[in-house]
Amino acid sequence: MYREYRTIEEVAGPLMLVRDVDGVKYDELGEIVMPDGEIRRCRVLEVNGSDVLVQLFEASSGLNLEYSKVRFTGHGVQLPVSREMLGRVFNGMGEPIDDGAKIIPEAVRDVNGTPINPAARKYPSEFIQTGVSTIDGLNTLVRGQKLPIFSGSGLPHANLAAQIARQAKVRGTDEKFAVVFAAIGITFEEADFFISDFKKTGAIDRTVLFINLASDAAIERITTPKMALTAAEYLAFDCNMHVLVIMTDITNYAEALREVSAARKEVPGRRGYPGYLYTDLATMYERAGRREGSDGSITMIPILTMPEDDKTHPIPDLTGYITEGQIILSRDIYRKGYLPPVDVLPSLSRLKDKGIGEGRTREDHSGTMNQLFSAYARGKEAKELMVVLGESALTPIDRMYAKFADEFEARYVNQGFYEDRTIEQTLDLGWELLHILPKSEMKRIKPAILEKYW
């Protein structure tokens with residue numbers, strides 16, 4: 001039995017001070033037993049001698065200091081894991097909220113986990129097809145990679161997240177593929193969209209959903225992505241599955257971290273975020289990857305909204321350091337009505353050359369990718385010149401490039417949220433668009449490949 005304490009001193013917002021406590025550790029889970037038998041949970045934030053500061057998961061309203069008791073469980077926040085989690089919906093604390101039965105656990109795991117030891121990592125090398133041309137063709141996602149999506153408020157990143165969760169697959173294998181989806185600090189409408197979309201398309205059968213609403217406590221917001229990663233680690237490294245972890249929105253997670261840090265009166269860092277934001281994000285992101293001796297893998301797509309569309313804001317800035325590239329959504333492309341509004345030129349996948357080519361996608365992938373990037377960049381420059389000098393000032397070849405840029409956005413970037421393109425369809429579309437330009441301009445494709453596919 002746990003020792004119970006009736007020494008609650010005071011409650012201030014989400015924090016509570018308990019005195020004369022013995023043998024309690026940082027991050028330990030506690031339970032507050034109310035006079036009517038109701039149980040609320042808390043977590044140890046600080047231990048100072050025999051005084052313990054805890055943070056409440058639920059609201060502090062109605063808490064009677066004199067008659068309530070606190071007991072500590074001796075362990076941190078844990079998640080019961082099982083293969084039965086697939087197809088289920090949980091809240092940010094890992095409790096089922098889909099009216100289904102409780103999970104019968106095959107194991108119970110601490111949600112803090114550990115990042116993969118660098119010496120035990122296998123290099124990411126296998127192509128994951130998302131069905132989205134701008135990702136598959138130009139910023140290829142590789143199994144075991146961390147590829148974030150940088151968005152802005154009001155842009156349809158939720159639809160893109162749902163599309164990737166629905167369509168993603170590892171080609172050429174019959175190995176099991178699962179999606180762990182963590183929605184962090186979202187509205188009720190967004191939660192309803194994700195759940196109904198996954199149920200309607202049947203994607204729910206291979207998905208584990210963790211939903212944390214904006215109205216839930218900040219401390220639960222911090223726990224949600226760790227719950228998702230714990231479930232992913234079990235499916236990947238115990239059940240040998242390929243797991244794609246999608247998290248939206250990491251900005252809400254960082255805001256919750258800042259809120260808890262301010263409540264503890266810690267010295268703030270950049271823009272008020274705690275000084276350990278980089279370390280905190282890194283311990284989370286580095287749990288993705290492939291391990292030696294295991295067939296399973298965790299591939300991660302964290303989604304974050306950049307406050308004021310600012311790439312230098314601490315959250316996207318630090319995320320860019322830790323992860324292998326970024327997909328950036330553009331407000332300009334969204335205004336043109338093109339979906340998903342991916343801004344191709346500043347987007348980057350640092351591992352794209354590891355997952356493409358013969359045997360993985362197709363032999364012409366690398367050449368066409370470089371040629372499309374180059375032609376689109378030159379077309380954008382031509383269009384900017386056209387705005388300043390007028391179309392008549394452009395050379396005939398520059399006018400061709402300007403036309404290419406328009407067609408590229410209208411046909412390659414724009415595909416909607418329900419079109420699932422194979423990599424062959426994406427590559428063929430690329431060749432089709434390159435025919436707008438003369439063959440002599442194909443300087444980034446090897447002559448043998450050019451002859452074969454032109």
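- Environment of NZ in Lys122: crowded, with over 12 heavy atoms of neighbouring residues, nucleotides or ligands closer than 6.0 Å.
- Taking the six-membered ring for Trp and the full ring otherwise, the centers of Phe181 and Phe210 sit at least 6.0 Å from each other.
- In this structure, the side chain of Arg378 does not engage the main chain of Phe373 through any donor-acceptor pair within 3.5 Å.
- Aromatic ring pairs are classed by plane angle as parallel below 30°, tilted from 30° to 60° and perpendicular above 60°; the pair Trp431 and Tyr453 is parallel.
- Looking at Phe237 and Ile116, their side chains come closer than 4.5 Å, going by heavy atoms from C-beta outward.
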Practice item. List the steps and the verdict of salt bridge (Lys or Arg N to Asp or Glu O under 4.0 Å) for Arg411 and Glu432. Key: CA-CA 10 Å; Arg411 295 176 58 195; Glu432 212 176 294; 2.2 Å; yes

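- Looking only at distances, a side-chain donor or acceptor of Gln145 sits under 3.5 Å from a matching main-chain atom of Val142.
- Using a distance-only test at 3.5 Å, with no hydrogens or angles considered, no donor-acceptor pair links the side chain of Thr207 to the main chain of Val180.
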Practice item. For salt bridge (Lys or Arg N to Asp or Glu O under 4.0 Å), just list the numbers for Asp428 and Arg362, CA-CA rounded to whole Å, side-chain angles, deciding distance to a tenth of an Å, and then say yes or no. Key: CA-CA 11 Å; Asp428 292 345; Arg362 210 166 72 182; 3.0 Å; yes

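- Among all heavy-atom pairs drawn from Ser261 and Glu266, the shortest one is OG-OE1, 2.7 Å.
- Within a 6.0 Å sphere centred on CD of Glu358, heavy atoms belonging to other residues, nucleotides or ligands number 12 at most.
- The main-chain N or O of Gly131 is found under 3.5 Å from a side-chain atom of Asp136 such that the two form a donor-acceptor pair.
- When only modelled atom types and interatomic distance are considered, Ser374 and Arg444 share a side-chain donor-acceptor pair under 3.5 Å.
- Taking a 6.0 Å sphere around CD of Glu292, one finds it holds more than 12 heavy atoms contributed by other residues, nucleotides or ligands.
- Taking the ring axis of Tyr273 as reference, the NZ or CZ atom of Arg258 stays within 45° of it and closer than 6.0 Å to the ring centre.
- By the neighbour-count criterion of 12 heavy atoms within 6.0 Å, atom NZ of Lys336 is densely surrounded, having more than that number from other residues, nucleotides or ligands.
- Shown here is Tyr418, whose OH atom has more than 12 heavy atoms of other residues, nucleotides or ligands within 6.0 Å.
- Of the possible polar contacts, none joining the Arg271 side chain to the His313 backbone as a donor-acceptor pair under 3.5 Å is found.
- Other residues, nucleotides and ligands contribute more than 12 heavy atoms inside 6.0 Å of the NZ atom of Lys169.
- More than 12 heavy atoms of other shown residues, nucleotides or ligands fall within 6.0 angstrom of atom NZ in Lys439.
- For the pair His365 (side chain) and Gly137 (backbone), a donor-acceptor distance under 3.5 Å is present.
- Shown here is Ile104, whose CD1 atom has no more than 12 heavy atoms of other residues, nucleotides or ligands within 6.0 Å.
- No side-chain heavy atom of Phe150 sits under 4.5 Å from any side-chain heavy atom of His157.
- Taking all atoms of both residues into account, the shortest heavy-atom contact from Arg206 to Ala168 is NH1-O, 3.0 Å.
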Practice item. Begin with the C-alpha distance, continue with both residues' side-chain angles, and end with the deciding distance and a verdict on salt bridge (Lys or Arg N to Asp or Glu O under 4.0 Å) for Arg290 and Asp295. Key: CA-CA 8 Å; Arg290 301 175 65 197; Asp295 294 332; over 6 Å; no

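- Here the CG-CD1 distance, from Asp216 to Ile186, works out to 10.0 Å after rounding to the nearest 0.5 Å.
- Minimum interatomic distance between Arg360 and Ser125 (heavy atoms only, all atoms of both residues): NE-O, 2.8 Å.
- For the pair Leu329 and Tyr334, the minimum side-chain heavy-atom distance is 4.5 Å or more.
- Remark: aromatic rings of Tyr412 and Tyr376 are distant, center separation not under 6.0 Å.
- Annotation for Glu324 and Leu147: closest pair O-CD1, 3.6 Å, computed over non-hydrogen atoms.
- Side chains of Glu259 and Arg221 form no contact here, defined as non-hydrogen atoms less than 4.5 Å apart.
- The only member of Val111, Leu29, Val108 that meets side-chain contact (heavy atoms from CB on, under 4.5 Å) when paired with Gln78 is Val108.
- Met284 places a side-chain heavy atom less than 4.5 Å from the side chain of Leu229.
- Pairing each heavy atom of Asp238 with each of Arg83, the nearest pair is O-NH2, 4.4 Å.
- Atoms CD and CG, from Glu419 and Leu339 in turn, are 12.0 Å apart once rounded to the nearest 0.5 Å.
- No side-chain heavy atom of Arg143 sits less than 4.5 Å from a side-chain heavy atom of Pro124.
- Put simply, the side chain of Ser330 gets close to the backbone of Ile333: a donor and an acceptor are under 3.5 Å apart.
- Listed for the Asn252 side chain is a donor-acceptor partner under 3.5 Å among the backbone atoms of Gly185.
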**Study point:** Chi angles and distances behind the salt bridge (Lys or Arg N to Asp or Glu O under 4.0 Å) call for Lys446, Asp364
**Key:** CA-CA 9 Å; Lys446 288 178 182 169; Asp364 60 319; over 6 Å; no

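- Using modelled atom types, one side-chain atom of Arg287 and one backbone atom of Asn112 make a donor-acceptor pair closer than 3.5 Å.
- Looking at Tyr285 and Ile250, their side chains come closer than 4.5 Å, going by heavy atoms from C-beta outward.
- Ile211 is not listed as a side-chain neighbour of Asn91, based on a closest heavy-atom distance of 4.5 Å or more.
- For Thr140 against Ile356, the heavy-atom pair with the smallest separation is OG1-CG2, 3.5 Å.
- Under a 3.5 Å cut-off, the side chain of Arg399 and the backbone N or O of Glu391 do form a donor-acceptor pair.
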